[in-house]
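This report concerns only the one structure given below.
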Amino acid sequence: MLARFTLTNVANLIEQELENALGHARPVATLLTQVIVDPADPAFAQPSKPVGPLYSEVEARRLSAAHGWAVVPEGAAWRRVVPSPMPQEIPDLSVIRLLLVKGVVVICAGGGGVPVIRQPDGSLTGVEAVIDKDHASRLLAQGIGANALLMLTDVDGVQQDFGAPSALRIPKLTATAAKAMALPAGSMAPKVAAGLEFVHGGGLIAGIGRMEDAAAILEGAAGTLISI
Ligand SMILES: Nc1ncnc2c1ncn2[C@@H]1O[C@H](COP(=O)(O)OP(=O)(O)O)[C@@H](O)[C@H]1O
Ligand SMILES: NC(=O)OP(=O)(O)O
């Protein structure tokens, strides 16, 4: 619920900035997007996504006992972890398509979307989880038939020797080269996996890089382009 409020606030900032940048010439809409996950997803048995503040070990263990939270060490501190299941379906895709056809710029699937499961009677109910936002974006891009999927972040692309002084951006990354890299779960690995899945499914461009380089990434002049 807290994540939902945070995402709504972030989306509101993006909406304002986009409207201003577009000179209010195009309508911009934010959608709180439900994303269906599978209750049998193995991720539910293995919470892995850190959320919320840092705790001391004593406090983390107390909260774990009181609320049934899964907690893990992170560096010198402890954090709560929740399941990170794969997104299966975006039930509001038809609404998103309707808005796009009318020329509306749609901001949606923020933070991976609001995770829900479909009950046997067809109704949707919320679950405690954080869906990986790169996979949710990939599912959305495929669902609207997008030509390009850009995953814009705080690094200039996928880097060789990441974290070392010799770190270097990789302009074009193939599936084979990506496999040899052992990229970390929860940050760069899902971006590359989502990009590979997008191009495997017929998407034309999957790029990773900085927000300010978005146009240049599309032209192959910045960031990392993922290829099969
Ligand atoms: N080989 C790598 N090249 C570049 N960044 C990497 C690499 N391995 C891990 N990262 C990390 O991936 C992060 C981007 O992923 P993420 O934290 O999910 O960002 P965001 O929330 O902006 O999508 C970078 O800030 C960097 O710390
Ligand atoms: N949804 C998701 O993957 O969140 P982060 O931005 O914390 O990675």
Side-chain angles (χ1 to χ4, degrees), residues 1-11 13-14 30-37 41 43-44 46-54 70 72 74-75 77 79-88 90 107-116 126-141 149-198 206-214 217 222-226:
M1 186 54 90
L2 197 60
R4 232 169 280 180
F5 285 131
T6 313
L7 292 174
T8 312
N9 288 338
V10 172
L13 283 177
I14 297 173
T30 300
L31 292 184
L32 199 57
T33 319
Q34 297 187 99
V35 175
I36 296 177
V37 297
D41 191 309
F44 282 107
Q46 282 180 323
S48 63
K49 179 78 187 168
V51 292
L54 300 172
V72 295
E74 189 181 272
R79 281 183 95 186
R80 180 183 180 192
V81 283
V82 297
S84 186
M86 284 295 276
Q88 301 290 325
I90 300 173
I107 301 166
C108 58
V114 179
V116 292
V127 278
E128 291 255 355
V130 175
I131 301 173
D132 183 276
K133 80 272 186 189
D134 300 313
H135 282 291
S137 304
R138 186 263 308 156
L139 188 65
L140 174 70
L149 168 64
L150 292 187
M151 287 164 280
L152 303 175
T153 179
D154 60 353
V155 280
D156 64 358
V158 185
Q159 299 171 7
Q160 193 73 54
D161 298 338
F162 176 69
S166 55
L168 208 60
R169 172 177 67 94
I170 303 167
K172 278 201 166 58
L173 184 64
T174 61
T176 317
K179 246 186 221 144
M181 284 186 73
L183 293 162
S187 64
M188 205 38 94
K191 283 183 179 28
V192 170
L196 280 170
E197 225 169 306
F198 183 67
I208 300 171
R210 291 194 191 281
M211 175 77 80
E212 56 269 36
D213 289 339
I217 298 170
T224 297
L225 290 180
I226 310 285

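Numbering of residues begins at 1 and proceeds along the displayed sequence. Order of listing sets the numbers, starting from 1, for every ligand and every atom in it.
Within 4.0 Å of ligand 2, contacts by protein heavy atoms are made from Lys49, Gly111, Val130, Ile131, Asp132, Lys133.
Residues Ile131 and Ala136 approach most closely at CG2-CB, 4.3 Å, considering heavy atoms. Across all non-hydrogen atoms, the minimal contact from Ala189 to Leu183 is CB-O, 3.5 Å. The minimum heavy-atom distance linking Lys49 with Ser84 is given by the pair CB-CB, 4.0 Å.
Annotation: side chain of Leu173 is in contact with side chain of Met181 (closest heavy-atom distance under 4.5 Å).
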Which pairs of N or O atoms, one from ligand 1 and one from the protein, are separated by less than 3.5 Å, and what is the distance for each pair?
residue, atom, partner, partner atom, Å
ligand 1, 1 (N), Gln159, O, 3.0
ligand 1, 3 (N), Gln159, N, 2.9
ligand 1, 18 (O), Lys133, NZ, 2.9
ligand 1, 18 (O), Lys191, NZ, 3.2
ligand 1, 19 (O), Thr153, OG1, 3.2
ligand 1, 21 (O), Lys133, NZ, 3.2
ligand 1, 22 (O), Thr153, OG1, 2.6
ligand 1, 23 (O), Lys133, NZ, 3.3
ligand 1, 23 (O), Lys191, NZ, 2.5
ligand 1, 25 (O), Asp154, OD1, 2.7
ligand 1, 25 (O), Asp154, OD2, 3.4

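Using a 4.0 Å cut-off between charged side-chain N and carboxylate O, Asp156 and Arg210 make no salt bridge. By the 4.0 Å N-to-carboxylate-O rule, Glu74 lies too far from Arg80 to be salt-bridged with it.
Summarising the geometry, atom CZ belonging to Phe162 is positioned 15.0 Å from atom CZ belonging to Arg169; distances are rounded to the nearest 0.5 Å. Distance CG/Leu139 to CZ/Phe198: 11.5 Å, rounded to 0.5 Å. Rounding to the nearest 0.5 Å gives a distance of 9.0 Å between CG of Leu149 and CZ of Arg138.
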